Amino acid sequence: MAALSAQTIELPSWAFGNSGTRFKVFAQAGVPRDPFEKIADAAQVHRHTGVAPRVSLHIPWDKVEDYAALAAHAKDHGVTIGAINSNLFQDDDYMLGSLTHPDARVRAKAVAHHLECLDIMRATGSKDLKIWLPDGLNYPGQDDLRARQDRLAEGLAQVYAGLDPDHRIILEYKFFEPAFYSMDVPDWGTSLLHCLALGEQAMVVLDTGHHAPGTNIEFIVAQLLRVGRLGAFDFNSRFYADDDLMVGAADPFQLFRIMHEIVGADALRPDSGVNFMLDQCHNIEPKIPAQIRSVMNIQEATAKALLVDRDALVAAQQAGDVLASNGVLMDAYNTDVRPLLAQLRESQGLDPDPMRAFAASGYTDTIVAERVGGAQAGWGA
Ligand code: RM4
Ligand code: MN
């Protein structure tokens with residue numbers, strides 16, 4: 001119960017804006033029109049779950065005149081600003097890459113964008129600069145694979161040099177999309193090599209939707225924890241590609257296996273250096289309840305991982321008892337932890353059922369009535 005009550009999950013501002021596929025964006029009534037309204041919505045998730053006290057921003061989607069005012073607004077709503085995400089995928093200059101672009105002018109522009117993000121971190125109190133690069137190649141021969149890695153290392157080093165002592169770069173990888181032949185940071189190994197070259201303040205981000213189907217993600221988690229370089233998760237779930245669906249919706253057992261590695265390495269502690277974040281889009285479902293559901297899914301997987309009888313597990317493993325070891329894990333996974341989590345929430349003065357509590361709060365009616373006029377925020381806006 002103590003471990004569960006110390007857990008925190010960071011929410012993405014972009015989950016609250018309109019989003020869609022390349023076929024259609026279905027606008028939803030009451031969607032935020034600016035970053036202030038996104039933070040107000042995120043704060044509702046924290047209000048009803050008690051475990052979501054931070055909101056990640058995406059720049060320039062969340063650009064405002066006065067970042068100190070945005071941070072103060074967050075504080076008024078009981079949350080703080082989390083990671084600052086740079087955006088290198090929506091500028092015409094970046095068609096052939098950003099930090100890896102063949103043209104030095106474009107690379108310098110991408111570095112400058114990150115230095116601007118560091119200033120936003122200073123103004124908002126954020127400590128993590130999250131970098132996800134869309135850079136890559138569509139065709140063999142399009143550019144030099146090795147030269148792009150060299151340019152990337154050089155650009156990252158320039159950004160790293162701008163960090164304050166309590167800042168981190170967290171570097172995300174993704175195996176395909178938007179480039180289809182070769183991404184410049186396709187996998188955890190590439191991210192880790194760049195982080196090792198940069199220094200102690202560079203860590204890997206593992207987005208659960210950024211692997212080839214069938215990849216054993218908990219192995220990657222275990223390996224990065226071993227070397228102290230797992231900086232953050234972007235949680236979501238996927239059936240096919242980078243689907244950005246609610247975490248725990250597609251494969252709750254995988255989420256449990258991931259959390260089992262986290263608990264085993266004692267990395268659930270708030271000071272473990274692992275930032276547990278969501279990176280999701282809610283294209284057809286209402287956004288605030290979808291974030292609440294996602295947070296609850298992570299809590300359930302965590303509670304199950306905490307229930308694993310570790311002494312019994314080690315004993316069975318040492319005895320070479322394959323079925324008993326697997327049985328210990330499955331016992332925990334098959335436990336219904338919902339009553340336990342309801343109890344935890346009650347002990348914190350929360351409603352035991354956050355979904356019901358949010359629905360009963362009338363918040364959705366209020367924002368639908370109030371947020372008229374102005375342009376809705378959207379993925380990419
Ligand atoms: C990317 C990546 C980043 C996220 C953007 C919106 O695929 O997952 O983390 O910031 O999408
Ligand atoms: Mn991500």
Side-chain angles (χ1 to χ4, degrees), residues 12-14 22 56-63 83-121 126 128-163 167-199 201-207 209-210 231-232 234 241-242 244 279 379-381:
S13 70
W14 53 100
R22 67 186 192 275
S56 320
L57 302 184
H58 220 297
I59 306 298
W61 300 343
D62 295 319
K63 235 178 170 150
I84 301 296
N85 289 249
S86 59
N87 185 318
L88 301 162
F89 48 91
Q90 286 180 313
D91 191 304
D92 285 337
D93 269 344
Y94 297 142
M95 187 176 80
L96 300 179
S98 60
L99 291 174
T100 65
H101 198 285
D103 183 345
R105 180 191 65 83
V106 177
R107 297 202 297 277
K109 173 173 169 168
V111 169
H113 171 57
H114 286 101
L115 299 181
E116 180 197 354
C117 289
L118 290 176
D119 283 338
I120 294 171
M121 287 163 66
S126 163
D128 283 344
L129 173 62
K130 183 159 138 237
I131 304 180
W132 172 70
L133 296 167
D135 299 28
L137 306 177
N138 268 0
Y139 296 99
Q142 180 191 324
D143 195 3
D144 187 280
L145 291 174
R146 275 181 60 177
R148 289 177 78 87
Q149 290 301 306
D150 294 342
R151 294 174 206 143
L152 175 57
E154 196 184 301
L156 287 172
Q158 287 171 25
V159 178
Y160 190 85
L163 299 182
H167 284 167
R168 307 191 300 177
I169 280 182
I170 51 177
L171 181 61
E172 185 172 351
Y173 60 91
K174 180 174 177 181
F175 82 119
F176 91 105
E177 199 195 30
F180 296 113
Y181 160 57
S182 177
M183 292 290 281
D184 290 320
V185 189
D187 49 36
W188 66 273
T190 303
S191 174
L192 179 62
L193 284 176
H194 283 286
C195 289
L196 291 172
L198 288 171
Q201 288 165 252
M203 310 277 274
V204 179
V205 181
L206 187 157
D207 183 313
H210 288 190
D234 265 4
D242 186 23
D244 281 342
D279 178 12
W379 196 95

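Please read these numbers as outputs of a predicted model, since none were measured by experiment.
Between Asn85 and Trp132 the shortest side-chain heavy-atom distance does not fall below 4.5 Å. With contacts defined as side-chain heavy-atom distances shorter than 4.5 Å, the pair Tyr173/Met183 does not qualify.
With hydrogens and angles disregarded, a donor-acceptor distance shorter than 3.5 Å links the side chain of Asp91 to the backbone of Asp93. Of the possible donor and acceptor atoms, none in the side chain of Glu172 sits under 3.5 Å from a partner among the backbone N and O of Val205.
Nearest heavy-atom pair across Leu99 and Ala110 is CD2-CB, 3.8 Å. Across Val185 and Leu133, no two heavy atoms sit closer than the pair CG2-CD1, 3.8 Å. In terms of heavy-atom proximity, Ser86 sits nearest to His114 at OG-NE2, 2.8 Å. Looking at every heavy atom in both residues, Asn138 comes nearest to Pro178 through OD1-O, 4.0 Å. Minimum interatomic distance between His113 and Asn87 (heavy atoms only, all atoms of both residues): NE2-N, 3.0 Å.
For the side-chain hydrogen bond (donor to acceptor under 3.5 Å, both in side chains) test, residues two or more places apart in sequence or in another chain that qualify with Asp119 are Arg122. The side chain to side chain contact (heavy atoms under 4.5 Å, CB included) test applied to Ala147 returns Asp144, Arg151, not counting sequence neighbours.
Ring geometry, Phe89 versus Trp61: the interplanar angle exceeds 60°, so the pair is classed perpendicular (tilted spans 30 to 60°).
A donor-acceptor contact closer than 3.5 angstrom is absent between the side chains of Trp14 and Asp62.
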Got a list of side-chain donor-acceptor pairs under 3.5 Å for residues 187-194, not counting sequence neighbours?
from   : atom 1 : to     : atom 2 : distance (Å)
Asp187 : OD1    : Thr190 : N      : 2.8
Asp187 : OD1    : Thr190 : OG1    : 2.6
Ser191 : OG     : Leu171 : O      : 2.9
His194 : NE2    : Gln149 : OE1    : 2.7

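The salt bridge (Lys or Arg N to Asp or Glu O under 4.0 Å) test with Asp184 singles out one residue from Arg146, Arg148, Lys174, and that residue is Arg148.
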